[in-house]
Participant: 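Structure below; questions to follow.
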Amino acid sequence: MKIDRRSFLSFLIGGGAGTALSPLPWKLMDDSSIWTQMWPWTPVPEDGEASYVNSACTLCPGGCGITVRKIDDRAVKIEGMKGHPVNNGGLCILGLSGLQLLYGPTRVKTPLKRVGKRGQGSWEKISWKDAISEVAKILSDLRSTGQSHTVGCISDSDRGTVPRLFERFLTVYGSPNLMRTSSIIDSYELTLHLMQGVQASPGFDFENADFILSFGSGIIDGWGSPVRMFRANSAWRNTGGKIIQIEPRLSNTAAKSDKWIPANPGTEAALALGIAHVIIKESLYDAEFVDNYSAGFEDWKRFVLDKYGPDSVATITGIDNTTIIALARSFARASKPLAICGRGQGTTPGSLDECTTVHALNALVGNINKQGGIFAVAEPDYINWPEVEMDATAAIGMQKDRLDGAGSKKYPFSRYLLNRLPQAINSGEKYPLKALFVGDANPLYTMSDSKAVKKAFDKVPFVVSFSSYMNETAQNADLILPNHAYLERYEDIPTPPGMPKPVISLTRPVVEPQLNTKHTGDIIILLAKAMGGNIADAFAWNSYDACLKETLGNKWQVMIKKGFWSYPDFFVQTHEESFDTISGKFEFVSKETGSLKQFKPVNIEGDKTNYPLLLMPYDSIRLANGVIGNPPFVMKSVDDTVLKGNNVFIEINPKTAGEQGLREGQLAMLSTPVGKAKVKVHLFDGIMPGLVALPRGLGHTAFDDYLAGKGINFNELIGPVEDPVSGLDTAWGIRVKLAKV
Amino acid sequence: MKHKKAKKYGMVIDLDKCTGCGSCMVACMAENNVPFRKDESNKLLSITWMRVYKLTNGKPFPNTDICYLPRPCMHCEGQHEGHSPCVTVCPAIATDYNIETGIVSQIYTRCFGCRYCMASCPYHARYFNWWDPVWPDGMEKYLSPNVSPRMRGVVEKCSFCFHKYQLAKEKAFMKGRRELKEDEYQTACTQACPADAITFGDLNNPNHAVYRMAKPDPKHHGRPTNPHAFRLLERLGTNPKVYYLSSREWVRRAGDNYLENESIAKKPAHHE
Amino acid sequence: MDSALIPRGVKRCPFPQFILFVAIVGAVLLWGVYAMLLCWFKGLNQTNMNDAYGFALWIWADLAVIAVGGGAFFTGLLRYIFGKDDLKNIINYAVLIGFICYSSALLILAIDIGQPLRGWFIFWHANVHSMLTEVAFCLSCYFGVLTIEYIPLILENRQIDRVPFFHHLGHNMHETMAVFAATGAFLSFFHQGSLGGVAGVLFGRPFAFREGILIWPWTFFLFTWSAAACGPCFTILITKITETVTRKKLVKDSAIELLAKISGWMLLTYSIAKTADTWYWATVTAPSMGQTLMDFYSNNPLYGIWILILEIAICGFVPAFILITKKGRKNSLALWIAITLATIGVCINRWVMVLQVMAVPVLTFESWFMYFPSWQEIATTILPVAYGVILIAISYRYLPVFPNEPELNPMETLPAQETEKEEAVEPSVDLEQELKPAEA
Amino acid sequence: MFPFSFEWIWDMGHVVFMGGLWYALTILGIGMTYCIIKSAIDASRGNDEHHH
C-alpha cells in the first residue's frame with residue numbers, strides 16, 4: 001500500500017483525535033493521580049489490633065506512669081497513665097517522644113568495642129560473652145594486684161535495684177568509688193542531715209501548700225518531678241495558691257508566678273536572711289515550733305537581726321526594702337507557706353548556705369514534716385538483700401579514701417562529689433582511676449568544664465558505658481554494653497525527687513528487645529558470676545528479672561497490675577521524733593558544722609574588667625539536658641529565638657545589648673575564663689541588664705543528626721566552684737564578655 | 001435524653017495554666033504521624049499542627065511579662081455554618097466542614113497543593129509538605145495506622161484528632177450508644193497537657209466543661225460571654241471554635257487587633 | 001532557506017540570524033525548563049516559599065500575565081462586538097500576546113501546585129464557591145477561545161493556506177469569530193474578576209479583604225477593569241517593542257491611538273474607582289477589623305506607603321491623563337511612558353494583592369513576613385518570557401500577524417518569486433514539499 | 001463537574017456556575033464543530049470564491 005503524505009497526515013490527525021476521544025488519556029490521568037496518592041516512598045503504617053501497656057518513664061528522674069498504645073507488636077504512642085500518683089494522665093514533652101528513642105537511630109544496636117582512637121567512632125561488634133569476659137579479665141587483674149579501689153562507677157541515681165546492684169558489686173569487689181551525678185538533692189540531703197540529723201530526701205507537699213516562695217526554682221521549667229509540678233501549678237490557679245519567684249531572669253516560672261522579684265544573681269541567700277529578719281523582728285514566726293522543737297535559734301536570731309536588716313539586704317539583692325518586708329509578711333502570714341531552692345531544674349547543687357537558709361525559713365514558719373510543708377522522706381527499704389561477704393581484698397579496697405573526697409576530713413558530710421572527680425584524676429594527687437563504669441549517666445555532657453572532664457576521662461584506661469543510646473560518654477568509651485531501652489525492660493523506679501510520699505513505679509517491657517542489647521542488671525550479675533568467688537556468691541540470682549521479682553516480693557503483683565506501689569502506711573513523723581541531731585531538735589545552727597558564717601556571695605570565676613557581664617544558664621522543659629538528649633520531636637518544639645540553624649541564641653537585655661553594640665539576630669563571640677563560643681543575640685526585656693543567659697541542653701556532639709552539632713553545651717563555658725562546707729558545685733554562673741564577630 | 005442537635009466540638013485553653021511546656025505539640029506530632037526534618041528551626045517550614053506561641057507584653061525590665069499561647073486549627077465556623085476562611089476557598093473540596101461535628105477536615109489524597117487555604121488562614125494553622133516525609137530507618141515502626149502519613153505537595157493541619165472521634169463513635173456503637181460521653185472523645189493535646197490547660201468538648205452542650213468555661217453566645221456567633229475568655233481575631237468574623245482564658249488584660253488584648261484608644265470590651269465583628 | 005514559509009510582501013532577516021536569536025533566547029528557555037523539572041521532580045522545596053508564603057512570585061506572575069494579557073479580550077470585544085474596525089490591524093497581535101500570556105499562566109500554575117498530576121481535580125471535584133475554581137474554569141475555557149482565535153492566523157501561513165480544508169477552516173473561523181469573541185469576553189470578565197476575588201474574599205486577611213456585591217468583592221470588578229485598561233497598554237507596549245526591534249512600522253497609528261485612547265479612559269475611571277475603594281477600605285473596612293492604613297505600610301523593610309502612591313498616582317492617574325489627551329497619545333515619548341507606567345501599575349497592583357497580602361501580619365504577636373524568590377522561582381518565571389519571545393519571533397516571521405505591514409513597508413527590491421527561486425536549491429525545499437498538498 | 005461526580009449539588013450557586021460553564025463550552029463546541037464541518041464541505045466542493 002502506498003502511503004502518501006496526505007494519508008500519513010490523516011493517519012496522524014485521525015489517530016490523535018481517536019486517542020484523545022478514547023478512554024486512554026483519561027485512564028492515564030486517573031492512574032497517575034492515584035499513583036501520587038500512594039507513592040511507594042511514603043510509608044503506609046500497617047493496621048492491627050490495638051492494645052495498651054502500662055509502664056513507667058525513665059527518661060528523667062520524674063518517675064511518671066505511662067500508658068503505651070500498641071498496634072500488634074509495635075508501640076505507636078506514649079501517653080500519661082491516668083491515676084498514677086505522680087502525673088495522673090499528663091506527660092512531658094520528652095516522655096511523649098520516647099518512641100523516637102526506642103526506634104531511633106541513636107540506639108546502640110549491639111555490644112561494641114572501640115577499635116580506633118577514643119571518640120573517633122570506630123567500633124567493632126563483639127559478642128556478649130566476649131564483652132563480659134573482657135571486663136571480667138580487666139577487673140580480675142586489677143583486683144589481683146590490689147587495685148580494686150581504682151575501679152569507679154558513675155550513675156545518675158543511687159536508688160533502685162540497678163544502682164544498688166552496681167553498689168553491691170563495687171562493695172564485694174572492693175571499691176568505694178560509686179559516684180552519683182550531683183544535683184540540688186545533694187544540697188537538700190546535706191541540709192536535712194545537718195539541721196535535722198536525718199538521712200533523707202526532701203519531700204515537698206506542694207499540693208497542700210498555698211504560698212510558694214521559690215528562690216529561682218523552675219517550678220514549671222522542669223524542677224523536681226516536672227509533670228507533678230505542672231499539675232501543682234495548675235492546682236494553685238484553681239485554689240488561689242500564690243507563687244513568688246525570685247530570679248534575675250523572667251523564666252516561664254517567673255512569668256506564671258503571682259509575683260516575680262528579680263534579685264541580683266547569687267544573692268538569694270541574703271534575701272532569705274532578710275526575710276527571716278523581718279519575720280523574727282515582727283515576731284511572725286511559729287513560736288510553738290521554734291520554742292519547742294528547735295535549737296540554736298537565739299544565736300541565729302542575733303546573727304540575722306544584726307546583719308540582715310531590709311536596708312542592707314536591699315543593697316545586696318537590689319530589691320527594695322519595702323518589697324522585702326511585704327514579702328516576709330505575706331510569707332509568714334500565709335496558712336501553708338513553703339520556701340524552696342535549687343535554680344532552674346536544680347541540676348547544680350548550689351551553695352549549702354543558701355539551702356540551709358531557705359530551709360530555715362520553713363522552720364521559722366513551722367512547716368517541717370507538716371501538711372503543706374517539707375518532709376524528710378527516707379528511702380523505702382524494699383531492697384533487703386543479704387549482706388555481702390567481703391573477702392580481704394574487698395575489705396582493704398573499701399577502706400581506701402574515695403577519689404572524689406566525699407566523706408573525707410575536708411568534706412565529712414557529703415556522700416558523693418562527682419564534680420571533684422575530674423580534678424582528682426587530672427591532679428593525680430590520690431590514686432589513679434583504672435577502670436570506670438558509666439551506668440545511666442552522661443558525665444561527658446552533663447558535667448561542667450567539659451574540657452577538664454574529657455581530659456580526666458582520657459586518663460582512665462578503661463571506660464565501660466552501659467548506655468542504650470550513643471551519647472557523649474558512650475562515644476568516648478572503650479566498650480559499650482548497651483542496656484535495653486526503657487520500653488524493653490523491667491526496672492523499679494524509686495520515689496521521684498521532691499515527692500512527699502514514697503512511691504515506686506514499675507518500668508516494664510512494652511515491646512520485645514528490638515536490638516542485640518542486654519539489661520544492665522543482667523550484665524552485672526553475669527559479670528559477678530564470671531569473676532567467681534565471693535563476688536559470684538553475692539549475686540545468686542539467675543537473672544535481673546528474678547532479682548527484681550524477689551526484691552519486690554508481694555509488691556510485684558500489685559505493681560504489675562497497677563504499675564506502681566505507693567506506701568499506704570507511710571506516716572508523718574511528729575516533731576518529737578523528727579529530729580536526730582545532737583540536740584534532738586531542729587538546729588538553726590548545726591552543732592556539727594559549728595559557727596555561723598556571714599553570707600558571702602559565691603565567688604564565681606572571672607574578673608570584672610576582662611569579663612564585664614555575667615553568664616547564667618537557663619533551663620527549659622523543651623530542652624532535655626540530662627542523660628537523654630532531645631529527640632527529633634522535642635527539637636521541633638524549640639523556638640526560633642533559642643536555636644536557628646546550628647546557632648544558639650543568648651538572651652540579653654536590650655539595654656545591655658545596646659551598650660555592647662549588639663543587635664537582634666547578630667552573631668557574637670561569647671568568652672568566659674573557661675571557654676568561648678559563637679552565639680546569636682536575642683534581645684529579651686525579661687532579663688536583668690548586665691546578664692547573659694544561655695540555654696542548657698544544646699551543643700551535643702553525640703546522638704543523631706537531629707540534635708548533634710546544634711548550639712553550645714553550656715558546660716563548655718563554665719567550671720565548678722567548690723562549696724567550702726559541702727564540696728559540691730556552687731557555681732550559678734560565670735563572668736563573660738561578648739564581642740561582635 | 002434528647003440531643004439530636006449537631007455537635008460543635010471546640011476547645012478552651014486556659015492561658016493562666018499553660019506553662020508553654022510543649023507537650024501538646026509533641027502529643028499531636030506523635031498522634032498524627034507528623035514528619036520532622038534535621039533542621040526544624042525555620043518555623044515557616046516546620047509542620048506543627050499545634051504550635052505554642054510566646055507572647056510578650058513589650059514592656060522593659062522588670063515589667064516584662066510573657067505568656068504562651070497554644071494554637072491548634074481554630075476550626076472556624078464562619079458567619080454561617082461552614083463558611084470557614086479555608087473551606088470556602090479550596091477549589092477541589094479537599095478541605096471540608098463537617099456539619100455533624102463542626103470539624104474542618106483535610107483530605108490529603110484530594111488536595112493538589114494550590115495552597116489557597118494557607119493564604120486564607122490568618123492563624124497560619126495550615127502547613128504544606130514541602131518535602132517528602134522521611135523517617136529514619138526503623139522509626140516508621142511507631143507510625144499510627146489511624147492517620148495516614150501525608151505525601152509531598154499537600155496541605156495538612158490539625159483535625160481535632162478526628163480519627164479519635166471515629167474510633168470513639170465505633171466503640172460507643174458497639175456498646176449500643178449513638179451519643180458520645182464527654183470524656184470518650186478527647187484530642188491528643190488535651191489528654192497530654194500536664195497542666196490541664198486544655199479542655200475539649202461540645203460547645204453546643206451546656207453540660208460540657210467547654211460550654212461552661214467559654215459561655216458562648218449563640219446570638220453572636222459563639223462570642224464568649226465569660227469576661228476572661230476571648231478568641232483569636234474575633235473581629236474578622238472567622239468564628240473560631242477555640243477559646244482562650246486569661247486573667248491578664250494584655251493577653252486578651254493580644255488576641256485581636258485594636259485601634260489605638262479602642263477599648264477591648266467593644267468587639268464589633270464586621271459582618272454583623 | 002525558509003522563504004517559502006514567509007508571508008508574501010514582507011521582508012525578514014536572514015535565516016541564520018533568526019536561528020541565532022532563537023538559540024540565545026532558547027538557552028534562557030532551557031534554563032527555565034531545567035528549573036521547572038527540578039520543581040516537578042524534587043518538589044516545591046526548590047522554592048523560597050514557606051508556610052507564610054503559600055502564594056508568592058508565581059501567583060503574582062500568573063495574575064500579572066493574565067492582567068496584561070487582558071488586551072486580547074478587550075481588543076476583541078471592541079473589534080468584534082463594538083465594531084471598532086480600526087483595531088483589526090492590531091487584533092492579531094493582541095490575540096497572539098494573549099495566547100502567550102494565558103498559556104504561560106497555565107504552565108506556571110502547573111509548576112506552582114504541589115501535586116501537578118492531580119491538577120485536574122480542580123475541574124473534577126470543583127468547589128463552585130472558590131474563586132480559584134472559577135479562575136481555573138474560565139481561564140482554561142478562555143485559553144481555548146484564544147487558541148480558536150489564534151488558529152486562523154496560523155492557517156494563514158502561506159503553505160498551510162494551500163490546503164483547501166485549512167483555507168476554508170480559517171475563513172469560516174473568521175466568519176464566526178464574533179461569537180467566539182463574545183464568549184471570550186464573557187469568560188474573561190469572570191476570570192479576571194475571579195482573580196481579583198481570590199484576594200478580595202480573604203476575610204481572614206484585612207489587607208486583602210473587600211466588601212462587594214453579592215458574592216463578588218470590589219476587587220472582582222477592579223481586576224476586570226484594570227485588566228481591560230492595562231491589557232491594551234501592554235499590547236501597545238509589545239507592539240512598540242516589536243517595531244523597535246524589527247525597525248519597522250507595523251501597525252497604523254490610527255489603531256494604536258484608538259486603543260490608547262480607550263485605554264486611557266478605562267485607566268482614568270479605574271484609578272478613580274481604585275482610589276474610592278482604597279479610601280473606603282482604609283477608613284471603614286480595615287478599622288472595623290482593628291487595623292489602620294499605616295499598619296499595612298510600616299514596621300517592615302519594604303512595604304511603605306510609597307507603593308500605594310506609585311500604584312495609584314504614578315502608574316494610574318499619570319498614564320491615564322497622558323492617554324486621554326490627544327497630545328499625549330501623539331507624542332511618541334509620552335505614549336511610551338504612559339503604556340510602560342500602566343503596565344507597571346497593573347503588575348504592582350497584582351504584586352500587592354498577592355505578596356503584600358502574605359507579608360502583612362494579622363495575629364498581633366506575629367511580625368512581617370518577608371520573602372525573596374529562589375533562583376528556581378525566578379528561572380521558571382522568566383521561562384514564559386523566553387517562550388513568548390520565541391513564539392512571537394516565529395509567528396512574526398511566518399504568519400501575517402500585522403496586516404498593515406506590507407502596506408507600511410513596501411518592498412523595494414527582490415520580488416517574492418526571485419527569493420523563492422534562490423531558495424529553491426536549499427534543502428528546505430523538502431519542507432516546502434512536505435507542506436504542499438499532494439494535489440500533484 | 002459532572003452530575004455523576006458526588007460533589008454535584010443542585011443548589012443555586014452550583015447551577016449558575018456550572019450552567020455558565022457548560023453554556024460557554026457548548027457555544028465553543030458548537031462553533032468549532034460548525035466551522036470544521038462547513039470547511040470540510042467547502043473543501044470537498046472546491047468552493048474557492050472568497051479570496052481575501
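Below, chain A is the first sequence line, B the second, and so on; all start at residue 1. Atoms considered below: every heavy atom in the structure, side chains included; atoms not considered: hydrogens, waters and symmetry mates.
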Participant: Determine the option with the most heavy-atom pairs under 4.5 angstrom with chain C, choosing from B:V89, B:V155, B:L232, B:L69.
Facilitator: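 Highest number of heavy-atom pairs under 4.5 Å: B:V89.
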Participant: Once rounded to the nearest 0.5 Å, what's the spacing between atom CZ of C:F121 and atom OG1 of B:T109?
Facilitator: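 With rounding to 0.5 Å, CZ (C:F121) is 7.5 Å from OG1 (B:T109).
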Participant: Output the residues of residues 135-144 of chain C for which the shortest heavy-atom distance to chain B is under 4.5 Å, in residue-number order; output 'none' if no such residue exists.
Facilitator: none
Participant: Check whether B:Y258 reaches the backbone of C:Q291 with its side chain - one donor and one acceptor, N or O, closer than 3.5 Å.
Facilitator: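 Here the side-chain-to-backbone pair does not exist.
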Participant: What is the minimum heavy-atom distance between C:M131 and B:Y116, and which atoms define it?
Facilitator: CB-OH, 4.0 Å
Participant: Look at C:F55, C:F123, C:F369, C:W120 and state which one has the largest set of heavy-atom pairs under 4.5 Å with chain B.
Facilitator: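 Max contact count across the listed options: C:F55.
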Participant: Tell me which of these, B:D132, B:V154, B:N129, B:V87, has more heavy-atom pairs under 4.5 Å with chain C than the rest.
Facilitator: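 Ranked by contacts with chain C, first place is B:V154.
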Participant: Locate the shortest heavy-atom distance separating C:Q115 from B:R152; write the atom from each residue and the value.
Facilitator: NE2-O, 2.6 Å
Participant: Heavy atoms, side chains only, cut-off 4.5 Å: are B:V251 and C:F365 in contact?
Facilitator: no
Participant: Do the non-hydrogen side-chain atoms of C:D51 and B:R126 ever get within less than 4.5 Å of each other?
Facilitator: no
Participant: Should B:T88 and C:S130 be marked as a side-chain contact (heavy atoms from CB on, under 4.5 Å) after you check the CA-CA gap, both sets of side-chain angles, and the distance that decides it?
Facilitator: CA-CA 6 Å; B:T88 46; C:S130 170; over 6 Å; no
Participant: Check whether C:E134 gets within reach of chain B through its side chain, its backbone, both or neither, counting any heavy atom under 4.5 Å.
Facilitator: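 No part of C:E134 comes within 4.5 Å of chain B.
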Participant: Name the region of B:C121, side chain, backbone, both or neither, that has any atom closer than 4.5 Å to a heavy atom of chain C.
Facilitator: backbone
Participant: When the aromatic ring centroids of C:H125 and B:F112 are compared, is their separation below 6.0 Å?
Facilitator: no
Participant: With a 4.5 angstrom heavy-atom cut-off, which part of B:L233 approaches chain C: side chain, backbone, both or neither?
Facilitator: side chain
Participant: Within residues 42-57 of chain B, which positions have a heavy-atom distance to chain C below 4.5 Å?
Facilitator: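 Residues in range: B:L44, B:L45, B:S46, B:Y53, B:L55.
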Participant: Need one label for B:T95: side chain, backbone, both or neither, based on atoms under 4.5 Å from any heavy atom in chain C.
Facilitator: neither
Participant: Could you tell me which non-hydrogen atom of B:L236 sits nearest to which non-hydrogen atom of C:G204, and how far apart they are?
Facilitator: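 Nearest pair, atom of B:L236 first, then C:G204: CD1-O, 3.4 Å.
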Participant: If I take atom CD1 from residue C:I122 and atom SG from residue B:C114, how far apart are they, to the nearest 0.5 angstrom?
Facilitator: 6.5 Å
Participant: Donor-acceptor pair, distance only, cut-off 3.5 Å: does the side chain of B:R235 make one with the backbone of C:M289?
Facilitator: no
Participant: Could you tell me whether the side chain of C:R118 and the main chain of B:C111 form a donor-acceptor pair under 3.5 Å?
Facilitator: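 A pair under 3.5 Å: yes.
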Participant: Among C:V357, C:V128, C:L202, C:L117, which residue forms the greatest number of heavy-atom pairs with chain B at distances under 4.5 Å?
Facilitator: C:L202
Participant: Have C:N50 and B:W130 got a donor and an acceptor in their side chains that come within less than 3.5 Å?
Facilitator: no
Participant: If we ignore hydrogens and angles and just use 3.5 Å, is the side chain of B:N257 paired with the main-chain N or O of C:L363 as donor and acceptor?
Facilitator: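 Looks like no, no N/O pair under 3.5 Å.
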Participant: Quick one: do C:Y53 and B:M118 satisfy side-chain contact (heavy atoms from CB on, under 4.5 Å)? Show the steps, please.
Facilitator: CA-CA 8 Å; C:Y53 270 96; B:M118 298 172 69; over 6 Å; no
Participant: Would you say the side chain of C:M49 lies within less than 4.5 Å of the side chain of B:F128, judging by non-hydrogen atoms?
Facilitator: no
Participant: How close do B:A119 and C:M358 get, heavy atom to heavy atom, and via which atoms?
Facilitator: CB-CE, 3.4 Å
Participant: Test of understanding: with salt bridge (charged side-chain N to carboxylate O under 4.0 Å, His left out), list the residues that count as partners of B:D65, not counting sequence neighbours.
Facilitator: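 Salt bridge (charged side-chain N to carboxylate O under 4.0 Å, His left out) check on B:D65 returns B:R248.
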Participant: Should the heavy atoms of other residues, nucleotides or ligands under 6.0 Å from CH2 of C:W40 be counted, would the total exceed 12?
Facilitator: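 Yes, CH2 of C:W40 has more than 12 neighbouring heavy atoms, counting only those of other groups under 6.0 Å.
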Participant: Could you tell me whether the side chain of B:R115 reaches within less than 4.5 Å of the side chain of C:D112, counting heavy atoms only?
Facilitator: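 Side-chain contact under 4.5 Å: yes.
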Participant: Given heavy-atom pairs under 4.5 angstrom as the criterion, report whether the side chain, backbone, both or neither of C:I113 touches chain B.
Facilitator: both
Participant: Donor-acceptor pair, distance only, cut-off 3.5 Å: does the side chain of C:T133 make one with the backbone of B:P91?
Facilitator: yes
Participant: Heavy atoms under 4.5 Å from chain B: which residues of residues 188-195 of chain C carry them?
Facilitator: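 Listed by number: none.
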